[in-house]
Each structure stands twice: as structure tokens, then as C-alpha cells.
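First comes the structure, then the notes that go with it.
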Amino acid sequence: MLRYSSLLFICSVFVFPSTSLYAEKVKREDREPEAATGYEHKQAVIAKKFMVSAANPYATQAGVNVLKNGGSAIDAAVAIQAMLSLVEPQSSGLGGGSFMLYWDNENKQLHTFDGRETAPKNVNAYLFMQDDKPMKWRDAVVGGRSVGVPGVLKSLEMAHQEFGSLKWSTLFEDAAKVAEEGFVVSARLERLVGLKFHPGLETMSPAKDYFYPNGEALKQGTLKTNQPLANVFRDIASTGTDVFYKGSLAEKIANSAQSSAINPGLITAKDMADYKAVKRPPVCGKYRKFKVCGMAPPSSGGVNVLQILKTLEKFELHKSTPASVSLMHLYTQSTRLAYADRSVYIADSDFYQLPFSALVNPKYLAQRANLIETTRDLGKADPGNPFDVSSLAVDTSFELPNTSHFSIVDAKGNAVSMTSSIEFAFGSGLMVEGFLLNNQLTDFSLSPSANGKLVLNRVEPNKRPRSAMSPTMVFDENDQLILVIGSPGGSRIISYVAQTLIGVLDWQMNIQEAINLPKVTNRNDYTALEKGTDAETFKAQFEAWGHNVKVIDLNSGLHGIQIKNKTLIGGADPRREGVAMGE
């Protein structure tokens with residue numbers, strides 16, 4: 001059973017910023033629509049048997065329940081994602097996609113599952129062009145045009161068929177029960193609904209009726225039921241994912257997008273039926289004595305996190321501290337270089353022949369690292385030349401930070417790092433049978449070309465848009481798993497994960513301490529310092545070195561597990577409402 005009293009307590013201690021702080025947060029050029037909703041001090045959680053860290057207490061508890069019943073990490077992942085679809089609808093759900101790393105501890109093998117959405121068969125590269133100009137991002141994200149074929153369920157089913165222990169039919173019980181009996185609306189969900197940032201949510205039925213009953217935004221403490229979603233959970237549990245990808249529910253999803261009053265879409269029931277999750281080789285590389293592994297493209301996380309770390313490898317980070325302005329300057333320069341490459345060279349690897357391994361080649365990254373100056377900002381960095389090509393343009397996608405991440409280690413040492421998303425806050429705004437549909441197609445470049453050059457991450461039929469989602473695992477010199485980590489945060493995800501890895505691997509912090517670090521990001525644009533933290537003290541020196549600095553809320557949502565001396569250490573981001581629990 002879920003412990004409602006403890007969940008109520010956890011949600012009640014979240015502290016919120018003023019409206020003026022939020023107004024500063026959501027300046028359009030920053031594109032941070034989900035916004036910071038509070039900060040709750042958290043401590044590391046210690047366990048010996050298993051551990052779950054997820055973005056909502058209900059979801060964490062659902063995963064713990066599965067593990068207590070003898071389930072595997074994959075079993076727990078299914079239960080957690082189902083619960084997140086209910087209690088964290090703004091961030092992920094059945095209508096979205098995912099990337100998952102799975103560590104098979106018995107066979108010492110790492111597997112990755114690509115459940116990213118795909119573009120409908122009938123799209124073309126000009127999907128988001130109007131009058132020869134790309135649509136404004138606030139116009140493009142709402143309605144049916146931006147909806148990709150959801151992939152999260154297929155990915156989970158594929159993983160479960162290979163690595164599940166408990167019956168599939170049992171894994172949706174908690175989510176279905178809570179959907180029927182009601183979950184307690186959290187302070188975070190109330191805040192995000194009440195801010196009314198989504199351009200269409202208040203006007204698009206049935207979402208407006210669900211999130212604004214009787215015209216009023218959901219209130220914290222309300223017991224909210226969702227019977228249509230409970231029915232979907234039970235149907236999926238009893239018959240598998242065919243009930244979602246074929247038949248009447250697939251028709252409803254397609255019709256919802258096609259008949260949207262705002263931006264009618266192109267997704268069809270055949271697109272749904274044809275969807276396939278994909279197993280891909282992981283991207284792994286050495287950082288000092290460690291092996292760091294992530295997802296291959298269309299995720300940019302595996303490549304770009306490694307790029308950041310490797311370009312910093314020649315610097316003795318362990319001799320500095322997180323409060324070192326010199327060190328954090330170096331960090332912003334390494335991220336500049338990684339994001340410059342990302343904007344040109346990362347896209348769905350099924351649609352191009354460039355070997356993305358060239359982007360993490362040690363010789364190439366050593367050349368890139370030589371561009372870093374210790375007391376001067378690079379300014380706008382140019383992409384490197386890892387390939388013998390010169391005909392690609394920088395893309396114009398808008399990756400928005402409404403995503404969720406959870407980490408799991410089960411009693412046998414198997415582990416899951418999974419990041420899932422519906423993209424914008426509350427996705428496309430279209431709701432079908434109690435769940436929201438994604439707007440992931442806006443992760444493609446809105447314009448297919450620039451200055452006469454094609455964009456690699458352009459819209460194409462059946463293609464998967466590029467993503468910053470960065471589920472990551474780290475292994476020691478003996479190939480033993482020591483860290484499971486990931487985060488939401490739009491294009492900043494890469495930075496959040498890389499900075500946390502440095503905290504654990506270089507500064508010997510525990511996972512919670514590393515997650516708590518004041519955030520500093522630079523996406524090859526400006527240097528962002530987390531408001532209200534010690535990072536603000538870097539501003540004057542950074543500006544003296546040529547940085548364009550903005551002090552803003554940085555809304556990471558890191559959830560991780562560290563394995564040290566046969567002990568599991570769980571961490572959850574204090575900037576969100578998630579918790580770690582173990583036994």
C-alpha cells in the first residue's frame with residue numbers, strides 16, 4: 001500500500017519563490033517554462049538491498065513496492081513510469097517517449113532502449129514552416145502538429161520481455177488503484193497549473209476540464225482521480241501494449257492530433273501500429289580511471305557528457321573545490337565546445353552515416369580542449385571538424401525542460417537509469433483517456449536548412465528528434481557499477497549530469513551532495529548562474545573574463561544512486577518533489 005500520510009508531509013514542506021521570481025524565470029529567450037517551484041533540503045538515503053530515486057513520492061513508493069515483491073529493476077521501471085503518468089502529468093507519461101540504460105549485473109552487460117517518439121510517415125521537412133519562416137516556438141508546441149508517435153510503452157515492454165521477473169499484468173496495479181482512489185495534488189503541480197504558462201491548456205478539452213475543474217486551477221491537497229487513465233492501465237496490464245498501439249485507443253490518439261482545433265497534426269493509426277522501440281549500443285568512454293556510459297543518438301547525452309568530461313581531463317579538478325571560480329570557468333568553456341558540436345552533428349543516427357564515435361575520439365577532444373583559455377571566455381564557440389564534411393547547418397530546435405528521471409538498483413545489483421518526457425509543460429495540451437500527448441516534434445529543427453545548408457536534425461518521416469536526455473551510468477576500473485544518474489531540464493540536462501559526475505568522481509562527494517551543487521550552465525550562449533546560491537559569487541569574475549552572465553533559477557531534477565562499499569546511497573534533487581527510498 002502507498003503511505004498517504006508520509007506523501008502528504010513530503011509535499012507540504014516545499015517552499016515557493018515569489019511571482020516576481022517566476023516572471024524573471026520565464027523570459028522567452030530563456031525558455032524555462034516549467035519553472036522552479038521550490039527548494040526542499042534533502043539528505044542522502046542509505047540502503048543495503050535496493051534503492052529507488054524518482055521525481056514524485058508516489059512513483060518512488062510504487063517502485064519500492066515492486067522491489068519488495070521480488071521484482072527486478074525493469075519491473076520497477078514499468079510501475080514507476082505508470083505512476084508518473086498519473087501524478088506528474090506535466091513532465092512525462094504514456095503519451096511521451098524515453099531513453100533507458102539497463103545494467104544486467106549477472107552477465108555484466110549494459111543495454112540501452114530507445115523509446116523516443118517518431119515523426120509520422122506523412123510529414124516533410126517543412127512541417128513547422130509558415131510563409132517561408134519557422135513558426136514561433138509558442139505557436140509550434142501546442143496542438144496536433146507537434147505530436148510524435150509515443151514510444152515509452154513499447155520501450156518498457158521490450159525491456160520487460162527480456163529482463164522482467166514479475167508478470168507484466170501486476171506492474172500497473174498501484175498506478176491503477178491510485179488513479180481510481182485519487183492522489184493528493186502536490187504543491188508543485190498546483191503551482192505549474194496555476195501559472196497558466198501553457199498557451200492552450202485552459203482552452204483545450206478535455207485537458208482544461210481535468211486541470212481547471214469548474215474553471216479553477218487544481219489545488220494542493222485535492223484528492224484527484226483519473227478513471228479513464230485507470231482503465232487504460234488495466235487494459236495495458238491485461239493485454240499488453242497492443243491495446244495502446246492498435247485498435248480504438250490508437251485511433252483516438254491519431255484523431256485527437258488530426259482534429260485539433262490548434263495546429264491539426266498528421267499522425268495516423270498506422271503510424272501508431274508501426275512504431276518500434278530500438279536497442280542501441282551504448283556510448284562509453286574513459287574519464288580518468290572511470291568508464292562513463294550513456295545513450296547513442298538521437299540522444300546527445302552519451303556523446304556530449306563525455307565530451308565535457310574529456311575536455312576537462314587535462315585539468316586537475318580534484319585539487320579545486322566547487323567554489324573555485326577558475327574551475328567553473330573551465331567547466332563553462334568545455335560545455336560551450338560540446339554544445340557547439342551538438343547543434344550541428346547530433347541527430348537520429350538511423351538517418352545519416354556520420355560515425356558519432358568521432359565526436360568522442362580522444363585525439364579530437366584533446367584538440368578541442370586546447371581551445372580553452374584559463375582566464376578568457378571563448379565567446380560563441382564554433383563546431384569542430386571531426387568529420388570530412390562542411391555542408392551542415394546549425395539547427396533551430398527548442399528543447400524544453402519538462403521531463404522526468406528515475407534511477408533504480410534492485411536486490412541483484414541490476415540497475416535502470418531512465419529519462420522520459422512529453423517535452424513542453426503539459427505537452428501538446430491534447431489529452432486522450434486521461435493522459436497528455438507529447439509535442440516532441442518541436443525537438444527537430446523548425447527550419448530544415450540555413451544559409452543554403454541542410455540541418456542534420458531536420459524533420460523527416462519516421463525519424464526520431466534529437467534529445468538532450470542523458471541517462472548515465474559510471475563504472476570503476478574493475479567494471480563494477482558505481483553510479484546511476486540522470487535529470488530533466490531540457491537542453492541543460494547535459495550540463496546538470498556532467499557537473500554532478502564531476503562532483504562525485506573528482507571531488508569525492510556523495511551523490512546527494514553532488515546533486516545539491518549550485519548549478520552553472522553554458523549552452524554556447526550565456527553563462528547561467530543558479531539564483532540564490534553560492535554560484536552568484538562567480539558573476540563579477542566571470543564578467544571580467546568576458547562572460548555574458550545571467551543569474552536565473554536553474555530547475556534541475558537529478559535523481560541518482562551511488563554504489564560504494566556495497567552500500568546504496570540515494571539522492572534526489574532538492575529543487576523538485578522527488579525522493580529516494582531503499583531497504
Side-chain angles (χ1 to χ4, degrees), residues 50-52 54 62-63 65-67 69-85 92 94 96-118 149-173 175 233 236-246 273-284 293-299 301-302 349-350 405-420 464 469 471-473 475 479-481 484 486 561:
F50 58 73
M51 181 72 73
V52 175
N65 289 348
V66 168
L67 297 180
N69 289 330
S72 69
I74 291 294
D75 297 329
V78 177
I80 291 168
Q81 185 57 67
M83 189 67 78
L84 288 171
S85 303
S92 72
L94 303 185
S98 64
F99 292 127
M100 179 203 291
L101 302 185
Y102 173 69
W103 173 243
D104 176 357
N105 192 47
E106 181 179 359
N107 295 301
K108 304 299 180 185
Q109 289 186 325
L110 182 62
H111 304 262
T112 81
F113 296 87
D114 177 349
R116 185 68 163 155
E117 298 88 343
T118 56
V149 182
V152 64
L153 270 176
K154 274 293 184 185
S155 176
L156 287 168
E157 184 179 55
M158 174 185 279
H160 182 265
Q161 287 173 347
E162 189 170 357
F163 298 109
S165 297
L166 301 181
K167 291 183 178 179
W168 174 267
S169 60
T170 67
L171 303 179
F172 296 84
E173 290 178 358
F233 287 149
I236 294 169
S238 62
T239 63
T241 63
D242 277 356
V243 73
F244 186 89
Y245 288 94
K246 300 176 182 178
D274 288 346
Y275 182 86
K276 290 180 174 59
V278 179
K279 285 192 72 173
R280 301 185 187 276
V283 175
C284 293
C293 295
M295 288 292 306
S299 165
S349 54
D350 293 338
H405 180 86
F406 55 84
S407 297
I408 308 165
V409 176
D410 68 22
K412 294 183 178 180
N414 306 307
V416 164
S417 178
M418 178 168 159
T419 313
S420 59
R464 297 165 195 249
M469 294 191 293
T472 302
M473 292 187 182
F475 302 83
D479 284 331
Q480 296 299 307
L481 180 66
V484 183
I561 302 169

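The model shown is predicted, which means the values in this text are computed figures rather than measured ones.
Atom CG of D242 sits about 11.0 Å away from atom CG of L153, to the nearest 0.5 Å. Rounded to the nearest 0.5 Å, atoms CD1 (I74) and CD (E162) are 9.0 Å apart. Taking CD of E117 as the reference point, atom OH of Y275 lies at 7.0 Å (rounded to 0.5 Å). Between the OG1 atom of T170 and the CG atom of D75 there is a distance of 7.0 Å, given to the nearest 0.5 Å. In this structure, CE in M51 is found 6.5 Å from CD1 in I561, a value given to the nearest 0.5 Å. One distance of note links OG of S92 with CE of M469; it measures 10.0 Å at 0.5 Å rounding.
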* For the pair D114 and R464, evaluate salt bridge (charged side-chain N to carboxylate O under 4.0 Å, His left out) and give the outcome as yes or no after the intermediate values. => CA-CA 10 Å; D114 177 349; R464 297 165 195 249; 3.2 Å; yes

* Begin with the C-alpha distance, continue with both residues' side-chain angles, and end with the deciding distance and a verdict on side chain to side chain contact (heavy atoms under 4.5 Å, CB included) for F113 and L156. => CA-CA 8 Å; F113 296 87; L156 287 168; over 6 Å; no

* Could you go step by step and tell me if Q480 and K108 meet the side chain to side chain contact (heavy atoms under 4.5 Å, CB included) rule? -> CA-CA 8 Å; Q480 296 299 307; K108 304 299 180 185; 3.6 Å; yes

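Between the side chain of D410 and the backbone N or O of S72, no donor-acceptor pair lies under 3.5 Å. Between the S349 side chain and the P297 main chain, a donor and an acceptor come within less than 3.5 Å of each other. Side-chain N or O atoms of H405 include none that pairs as donor or acceptor with a backbone N or O of A54 at under 3.5 Å. Remark: side-chain polar atoms of T112 are paired, donor with acceptor, to backbone N or O of R280 under 3.5 angstrom. The backbone N or O of A77 lies less than 3.5 Å from no partner atom in the side chain of H160, so there is not a single donor-acceptor pair. No donor-acceptor pair closer than 3.5 Å links the side chain of Y245 to the backbone N or O of K276.
Counting only heavy atoms from C-beta outward, the side chains of L94 and F244 approach each other to under 4.5 Å. Using a 4.5 Å cut-off on side-chain heavy atoms (C-beta onward), N105 and L481 make no contact. A 4.5 Å side-chain heavy-atom check between M158 and T241 finds every atom pair outside the cut-off.
For F475, the ring-ring contact (aromatic ring centres under 6.0 Å, His included) test picks out W103, with sequence neighbours left out. Here E173 pairs with nothing under the salt bridge (charged side-chain N to carboxylate O under 4.0 Å, His left out) rule; sequence neighbours left out. Partners of S299 under the side chain to side chain contact (heavy atoms under 4.5 Å, CB included) rule, at least two apart in sequence or in another chain, are F99, M295.
Atom NZ of K246 has 12 or fewer heavy atoms from other residues, nucleotides or ligands within 6.0 Å. Enclosure of atom NZ in K412 is not indicated, since only 12 or fewer non-hydrogen atoms of other residues, nucleotides or ligands lie within 6.0 angstrom.
Closest non-hydrogen pair, A76 versus V66, comes out as N-CG1, 3.6 Å. Listed here is the closest heavy atom pair of F406 and I80: CD2-CG2, 3.4 Å. Here the shortest heavy-atom pairing between N414 and E106 reads OD1-N, 4.1 Å. Between A237 and W168, the shortest heavy-atom distance links the atoms O-CD1, 3.6 Å. The minimum heavy-atom distance linking L101 with P471 is given by the pair CD1-O, 3.3 Å. Closest heavy-atom contact between A73 and Y102: CB-CE1, 4.4 Å.
Judged purely by distance below 3.5 Å, without hydrogens or angles, the side chains of S98 and Q81 never pair a donor atom with an acceptor atom.
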